[in-house]
Amino acid sequence: MREPLIQFKNVFKRFGDNHVLNGTDLSIYKGEITTIIGKSGGGKSVLLKHIIGLLEQDSGTILFEGRPVSDMKKAERKALKRKCSYMFQGTALFDSLTIYENIALPLKETTSLSDSEINRRVRDKMDQLDLHGIDDKYPSQLSGGMKKRVALARALVTDPEIILFDEPTTGLDPIRKKAVHEMISDYQQKFGFTGVVVSHDIPDIFHISQRVAMLNDGRILFEGNPVQLAQASDPDVKEFIQGLYINDGN
Amino acid sequence: MLRLSILISPITALGRGATFIVQEMGRIAMFFLRSFALIFSRPFQINKTTQQIYFIGAKSVFVICLTGAFTGMVLGLQGYYTLVKFGSTGFLGAAVALSLIRELGPVLTAIMVTGRAGSAMAAEVGIMRISEEIDALETMDINPLRFLVSPKLAAALISMPLLTALFDVVGILGGYLTGSLLLGISPGVYFMRIETSVIMDDVTGGFIKSVVFAVVIVTICCFQGYFTHTRAEGFGAKGVSLSTTSAVVISCVLILITDYVLTSFLL
């Protein structure tokens, strides 16, 4: 039996009286793209933030390669963090830095690469994401969709092993959405990274996902592949999927 | 039973308040110590520190000169009309210089820097917090304290003594303007009294104060911005505005309190 790369075991998290994660169990496997779906405000982003260590669970265990993250030494946690990259829902680009500086920042601050090598890597990502002629612009001068692509370029520039995407295509037009999905898929096939995507782009996102998990009321209601999801008999899962199809006009 | 709870609740509130203050002071102290230690971590952030010296130091020069000049001028006026009653106007230079070098120079410079640069620091860091930029730094394994706070702290430690020295010099010239040029005290007497009364300990004491105030301003202002998201009374833009207000008020109050404590040790 395969061992999950990342595993949530009975994880609880609450903010005041709001119980966001309520005994969450989830497995994420190496080299696969796992998509997390669920209602807005249901704790999907909170779940992602637990993976990268931005939030700590109130109780329960998060395992990385079978080891509880809470038992890891500081250096081990640092090494784990370096393997991960996170694309924020609101992009979280640095307003006071130019687009080029934003994308180059993780390489400049965390590696000892030469300026020419950093420049080559940044240019590569900008070309792949169709980001031309905006090197010296600031995030506030870009459209929402373009900011998303810059954030994606920043997340990919370090060639991480695990990438967490928090709604990577929200606000993009259908053509750009397709391009971003294809790019995530192409990169995943090329480099074999492990991806965790929070998305509402159903059914498009299923074309690039090997696994889907549905978070409902702080618990994973469904976990399996997209075909199994389509055949799910759970009324809440069916209602959610059908609701999305109706809203999308499909 | 009701009577007992009425008696106990103020004591409980007092204890809770005292515990909160002690905890908060501990958090602020740790925030400062970590930021200070990270100034010396390699690679040194020379570019960022230079930019901050420009922002905190160079861009404050005009306002420091302006306030320094008028503080010196008003000291010259007030000092003259006080000393004239005792027939000791010759001591005006000493009175102006000692007041400025020991007290007013460091304190007023710190308050002006708090208003000009400290409030901007709190707002900048606060906005970075609410727009998840600080979270983004953490996910990239970039230490936010090293990236954001350490260059500001280093820059303030360099800039504040220089700004204080500038304030002192401009203030002494302001005192000369009113004391000698307007009210007729001999310039030779004015400057001779300064030379004979000011000793190196006065200057060193003023600089020690300016360094401590630099620590207070950067630590309090960045701390308020950094923890904007934990404020119970406001989120988002409102939280940033409250953090900025708190940063300025707390910094100014602490500058005056630490000034008293330092003066009592230095005298």
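Small disclaimer: the values here were computed from a predicted structure and weren't measured.
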Trainee: Does OH in B:Y54 sit with more than 12 non-hydrogen atoms of other residues, nucleotides or ligands closer than 6.0 Å?
Mentor: no
Trainee: Could you tell me if the side chain of B:L137 sits less than 4.5 Å from the side chain of A:E109, heavy atoms only?
Mentor: no
Trainee: Take a 6.0 Å sphere around CD of A:Q141 and say whether it holds more than 12 heavy atoms from other residues, nucleotides or ligands.
Mentor: yes
Trainee: Once rounded to the nearest 0.5 Å, what's the spacing between atom NZ of A:K78 and atom CG of B:N143?
Mentor: 7.0 Å
Trainee: Taking atom CZ as the centre, does B:R27 end up with more than 12 heavy-atom neighbours from other residues, nucleotides or ligands that are less than 6.0 angstrom away?
Mentor: yes
Trainee: Sort A:L93 into side chain, backbone, both or neither according to what part of it lies under 4.5 angstrom from a heavy atom of chain B.
Mentor: backbone
Trainee: Tell me, yes or no, whether the heavy-atom count around A:K137 atom NZ, taken from other residues, nucleotides or ligands under 6.0 Å, exceeds 12.
Mentor: no
Trainee: Decide yes or no on side-chain contact (heavy atoms from CB on, under 4.5 Å) for A:I52 and B:E138, but give the supporting numbers first.
Mentor: CA-CA 9 Å; A:I52 204 158; B:E138 283 184 27; over 6 Å; no
Trainee: Would you compute the distance between atom OG of A:S45 and atom CD of B:E132 and round it to the nearest 0.5 angstrom?
Mentor: 8.0 Å
Trainee: How about B:F70: does its CZ atom have over 12 heavy atoms from other parts shown lying under 6.0 Å from it?
Mentor: no
Trainee: Under 4.5 Å from any heavy atom of chain B, what part of A:T110 do you find: side chain, backbone, both or neither?
Mentor: side chain
Trainee: Output the distance between atom CE (B:M140) and atom CZ (A:R154), rounded to the nearest 0.5 Å.
Mentor: 4.0 Å
Trainee: Salt bridge between B:D141 and A:K81, side-chain N to carboxylate O under 4.0 Å?
Mentor: no
Trainee: Is there a side-chain contact (heavy atoms from CB on, under 4.5 Å) between B:T139 and A:F88? Walk through the geometry before answering.
Mentor: CA-CA 10 Å; B:T139 63; A:F88 284 83; 3.9 Å; yes
Trainee: Is it true that, when you exclude B:F31 itself, more than 12 heavy atoms of the residues, nucleotides or ligands shown sit nearer than 6.0 Å to its CZ?
Mentor: yes
